[in-house]
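Remember, predicted model here, so these are calculated numbers, not experimental data. Whatever order the structure lists them in is the order used to number ligands and atoms, beginning at 1. Hydrogens, waters and symmetry mates are skipped; everything else that's a heavy atom, side chains included, is used.
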Amino acid sequence: MTAAVLSGRELAAAIKSETAAEAARLSAAGTAPTLAVVVATADESSAWYVRSIARATEQVGIACDVVDLGQEATGPEIRRTLDALSADDRVHGIILQTPLPPGVDAQEMALAIRFDKDVDGANPLSLGRLAAGLSAFAPATAEAVVRILEHHGVDLAGRHVAVVGRSTVVGKPAAHLLLDRNATVTVCHSRTRDLAAVTSAADVVVAAAGRIGLITADHVAPGAVVVDVGTNPTEDGGLVGDVDAASVGEKAGALTPVPGGVGPVTTALLLAHTVQAASALRRA
Ligand code: NAP
């Protein structure tokens with residue numbers, strides 16, 4: 001592999017260390033930063049993710065309340081729980097874990113997450129504010145894309161960035177954050193004609209499709225920077241991205257690894273957002 005490896009681990013460690021210092025300061029002043037995670041699924045990968053968030057909060061001195069409503073939870077129950085947490089002065093950040101029970105719409109539910117506690121940018125109003133250039137918490141993964149590029153000194157102003165994926169969790173908010181950094185952004189999706197032609201014309205490719213090996217050497221220009229957001233479980237219990245690292249690594253100039261790239265920065269930013277929310281709510 002000739003591409004530089006854009007690790008997320010050092011950046012994640014730096015964000016966590018700043019977050020721990022701020023959490024300690026707030027706790028000493030009587031506000032113990034607290035993140036509530038609402039779960040309504042028995043999905044094993046979701047349970048794994050919730051455990052990893054709980055461990056990460058503990059490391060930085062944030063309290064984590066997991067509210068498990070069970071996989072039979074109804075939309076009204078989930079909404080009532082989010083309303084109650086939004087009104088609870090002890091809680092500063094709220095995450096609604098997906099998947100939700102069949103027929104329950106995540107965005108409809110997330111409307112009940114109070115905007116200034118919406119630390120993973122799940123409420124559609126947060127995305128609207130982000131699009132309008134107003135302050136809001138961005139979904140942590142989308143922000144991680146921009147932060148990892150900035151950390152490694154990738155200049156975004158005037159560069160052409162192709163984002164592959166248009167979900168409200170990653171692709172769309174990432175596109176807005178990149179536009180804010182003055183990048184020229186093309187958003188691709190499953191109906192894009194000739195994906196390789198679009199992505200290989202870009203200086204930076206952000207792969208967020210959830211498709212193993214979607215981005216090959218044919219999809220990138222020589223020397224391009226590639227951010228792999230994909231986290232796809234493999235049969236042997238491993239994790240791979242959307243980028244065929246073996247071929248892309250021989251052609252691109254730089255590539256984020258999976259694991260160890262966007263993932264750790266995402267978790268660190270969730271923690272940072274929770275402490276920022278606690279600090280802002282304390283001042284309010
Ligand atoms: P999603 O909601 O399934 O969205 C996938 C997007 O990719 C859709 O917009 C889809 O297009 C597009 N797409 C699918 N196949 C495509 C193809 N062949 N060519 C072009 N576009 C294609 O997924 P998501 O929630 O955004 O997540 C994307 C990936 O990021 C997943 O692997 C997920 O596990 C990972 N992720 C990682 C983190 C992290 O912390 N590292 C956090 C969140 C998500 P349409 O809109 O046309 O269907």
Ligand 1 polar-atom proximity to protein (N/O, under 3.5 Å):
unit_1, atom_1, unit_2, atom_2, d
ligand 1, 9 (O), Arg166, N, 2.8
ligand 1, 11 (O), Ser190, N, 3.2
ligand 1, 15 (N), Arg211, NE, 3.4
ligand 1, 21 (N), His189, O, 3.4
ligand 1, 21 (N), Ser190, N, 3.3
ligand 1, 26 (O), Ser167, OG, 2.5
ligand 1, 32 (O), Thr231, N, 3.1
ligand 1, 32 (O), Asn232, OD1, 3.2
ligand 1, 34 (O), Thr231, O, 3.2
ligand 1, 34 (O), Thr231, OG1, 2.7
ligand 1, 40 (O), Thr266, OG1, 3.3
ligand 1, 46 (O), Arg166, NE, 2.7
ligand 1, 47 (O), Arg166, NE, 3.4
ligand 1, 47 (O), Arg166, NH2, 2.8
ligand 1, 47 (O), Ser190, N, 3.2
ligand 1, 47 (O), Ser190, OG, 2.6

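For CD of Glu58, the number of neighbouring non-hydrogen atoms (other residues, nucleotides, ligands) closer than 6.0 Å is 12 at most. Other residues, nucleotides and ligands contribute only 12 or fewer heavy atoms inside 6.0 Å of the CG atom of Asp89.
Salt-bridge annotation for Asp83 and Arg114: absent, with no side-chain N of the basic residue lying under 4.0 Å from a carboxylate O of the acidic one.
In this structure, the side chain of Thr98 does not engage the main chain of Leu100 through any donor-acceptor pair within 3.5 Å. At distances below 3.5 Å, at least one donor-acceptor pair connects side-chain atoms of Thr199 with backbone N or O atoms of His219. Side chain of Ser126 to main chain of Ala122: no donor-acceptor pair is present (N/O by atom type, distance under 3.5 Å, no hydrogens or angles).
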